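To start, the structure under review is shown below, and the notes come after it.
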Amino acid sequence: MTTTETPDTLRRILDYSSRADPYPLYAELRETPVALQEDGSYVISTYRELTDILHNPHLSSDVRNLARPMPQLEGRTTPAFINLDPPEHDRLRRMAMRHFGPPHTPGLVSGMEPDLRAVVSGLIDAFAGKEQVDVVDDFAYPFPVTVICHLLGVPREDEPRFHVWVNAIIDSIDYNPATDPKEKLDNGTQATKDLRQYLGGLVEERHGRPGDDLLSRMANDDGPDGRMTDEEIVSTANLLLIAGHETTVNLITNGMLTLLRHPRVLERLRDEPGLVVVPLVEELLRYEPPVHIIPWRAAYSDITVADTVIPKGSQIMLMLASGSRDPRRFHDADRFDPDRRDNQHLGFGSGIHLCFGGPMARLETQIALTELVRRLDGPRLVADPPPYRRSPVLRGPIHLHVEQSGGR
């Protein structure tokens, strides 16, 4: 089951020239479910093996468990819970979830629906009279940024500042010292320090001033697990700020691109808006997910996957988007089918690190696509494929220009 015959396939997937359509290369990769690479790392690309390892307690998210050190962004004195293992992961995630969802705040996400609809309506109102709009810059980016700023308690007017930092951090996620200039890592390091310093200032302001935003709640809450330290709050806020809009931008944009490529589904959604409530968004998360790759995990001890022993300390790359297109798990896997049943995709991962903000991203996307389809007047793609972001990890168009007949 394990060979070293796939390094070229992986290199082509990571190369920017494949960003518009990596799926044929994923099919090549799946021929070897567990692929040993020349550098000693392992790539896992098939659904069964991915789900098995994502639920394996010997899979670590802590970089300290890698035998071969990786270049890391400095300035992260306290890792976010996504980069920790139990019990610390469980404690910090539980403390954050107290203020974000059930059982302690069960109505937070659903209660925001009127506000979400108001933001969406305002953004689409600005399309009126425009023959061409950029779904990314004019809609898919400002919408979730506005939402996550409101949730966290980050001033919306500060977006131009943290936008630059987030871009540099995202750009450095897949840093490869063998092929990338060190400047890429250095920019990410500095951006991480700047963003953490900025968030730290906001946390200091919240002490003793309870409010409804997440920063205020985390800074003033003494729950069953005690109170988060300021460093833990900053790490959690850093994670939520970035993940809370970057993935949703891709999900909305990929969703609109997919609908424009499937006009019958688009027309059906216009006539049958209830279609988007659950199955269509779930199919988008399978078919064109916002996160394609988990660049690394570590083997906490020797792990056996598909009869292959992955040695302790090995770096493991998880190809989530490939697993969600695995024909051994999904019938007609390369077909977009909004009526698909039993759609247990990997669009938000799986296991203990299942996406923290998944319910919010789903609701945002449901509202966004319903209103875009309803109110855009005869939308047509200007370029197909559109230009894509550089990252193979967080994959989505950097722009999505759409012509319309006049707007309504």
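In what follows, every heavy atom counts, from backbone to side chain, and hydrogens, waters and symmetry copies are set aside. Here the structure is a predicted model, which means the values were calculated and not measured.
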Test salt bridge (charged side-chain N to carboxylate O under 4.0 Å, His left out) on Glu38 and Arg11; report intermediate values, then the result. CA-CA 11 Å; Glu38 294 170 336; Arg11 277 194 292 267; 3.7 Å; yes
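- Without hydrogens or angle criteria, Thr253 side chain to Val249 main chain gives a donor-acceptor distance under 3.5 Å.
- Between the side chain of Asn187 and the backbone N or O of Glu183, at least one donor-acceptor pair lies under 3.5 Å.
- Of the possible donor and acceptor atoms, one in the side chain of Gln404 sits under 3.5 Å from a partner among the backbone N and O of Phe127.
- Between Glu282 and Arg286 there is no salt bridge, since no side-chain N of the basic residue sits under 4.0 Å from a carboxylate O of the acidic one.
- Using the six-membered ring where Trp is involved, Tyr287 and His262 have ring planes that are perpendicular, over 60° apart on the 30 and 60° scheme.
- At a threshold of 4.5 Å between non-hydrogen side-chain atoms, the residues Leu284 and Phe336 count as touching.
- The side chain to side chain contact (heavy atoms under 4.5 Å, CB included) test with Met319 is passed by exactly one of Ile44, Val43, Ile294, Asp326: Val43.
- Partner of Asp225 under the salt bridge (Lys or Arg N to Asp or Glu O under 4.0 Å) criterion, out of Arg94, Arg93, Arg91, Arg98: Arg94 alone.
- Between the side chain of Arg340 and the backbone N or O of Arg335 there is at least one donor-acceptor pair closer than 3.5 Å.
- One N or O on the side chain of Arg380 and one on the backbone of Gly378 form a donor-acceptor pair closer than 3.5 Å.
- Within the 3.5 Å criterion, the main-chain N or O of Ala35 finds no donor-acceptor partner in the side chain of Thr32.
- Annotation: Glu267, atom CD; neighbour count of heavy atoms from other residues, nucleotides and ligands within 6.0 Å is above 12.
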Start with the C-alpha gap between Leu151 and Met360, add the side-chain angles, then the distance that decides, and say whether side-chain contact (heavy atoms from CB on, under 4.5 Å) holds. CA-CA 11 Å; Leu151 269 174; Met360 179 61 74; 3.7 Å; yes
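- Here the straight-line distance linking atom CD1 of Ile13 with atom OG of Ser322 works out to 7.0 Å at 0.5 Å rounding.
- Atom CZ in Arg227 sits 11.5 Å away from atom OG1 in Thr229 (nearest 0.5 Å).
- Smallest separation of non-hydrogen atoms from Leu84 and Ser61: O-CB, 3.9 Å.
- Using modelled atom types, one finds no donor on one side chain facing an acceptor on the other under 3.5 Å when comparing Arg329 with Ser324.
- With hydrogens and angles ignored, the 3.5 Å screen pairs a side-chain donor or acceptor of Arg395 with a backbone N or O of Arg19.
- Residues satisfying the salt bridge (charged side-chain N to carboxylate O under 4.0 Å, His left out) test with Glu371, not counting sequence neighbours, are Arg374.
- Not a single donor-acceptor pair under 3.5 Å links the side chain of Arg206 to the backbone N or O of Asp213.
- Judged by distance alone, the side chain of Asp90 and the main-chain N or O of Pro86 form no donor-acceptor pair under 3.5 Å.
- Side-chain contact between Arg217 and Asp212 is present, with heavy atoms from C-beta onward closer than 4.5 Å.
- When only modelled atom types and interatomic distance are considered, Thr46 and Arg30 share no side-chain donor-acceptor pair under 3.5 Å.
- Here the closest heavy-atom approach between residue Leu215 and residue Val203 is recorded as CD2-CG2, 4.0 Å.
- The shortest distance between side-chain heavy atoms of Leu394 and Asn250 falls below 4.5 Å.
- The backbone N or O of Tyr388 lies less than 3.5 Å from a partner atom in the side chain of Tyr16, making a donor-acceptor pair.
- Residue pairs meeting the side chain to side chain donor-acceptor pair (under 3.5 Å) criterion with at least one member in residues 148-159, sequence neighbours excluded, are Tyr141-Glu159, Thr146-Arg156, Asp158-Tyr198.
- Closest heavy-atom contact between Pro397 and Arg389: O-NE, 3.8 Å.
- Side-chain N/O atoms of Ser18 and Asp15 include no donor and acceptor closer than 3.5 Å.
- One distance of note links NE2 of His345 with CG of Leu285; it measures 4.5 Å at 0.5 Å rounding.
- The two residues Met256 and Leu369 come nearest to each other via the heavy atoms N-CD2, 3.8 Å.
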Show the numbers, then the answer: is there a side-chain contact (heavy atoms from CB on, under 4.5 Å) between Leu14 and Ile293? CA-CA 10 Å; Leu14 300 180; Ile293 302 169; 4.1 Å; yes
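- Between the side chains of Glu28 and Thr9, a donor-acceptor pair is found at a separation under 3.5 Å.
- Take Asp62 and apply the salt bridge (charged side-chain N to carboxylate O under 4.0 Å, His left out) test, not counting sequence neighbours, and it matches Arg64.
- Using cut-offs of 30° and 60° on the angle between ring planes, the pair His353 and His89 is perpendicular.
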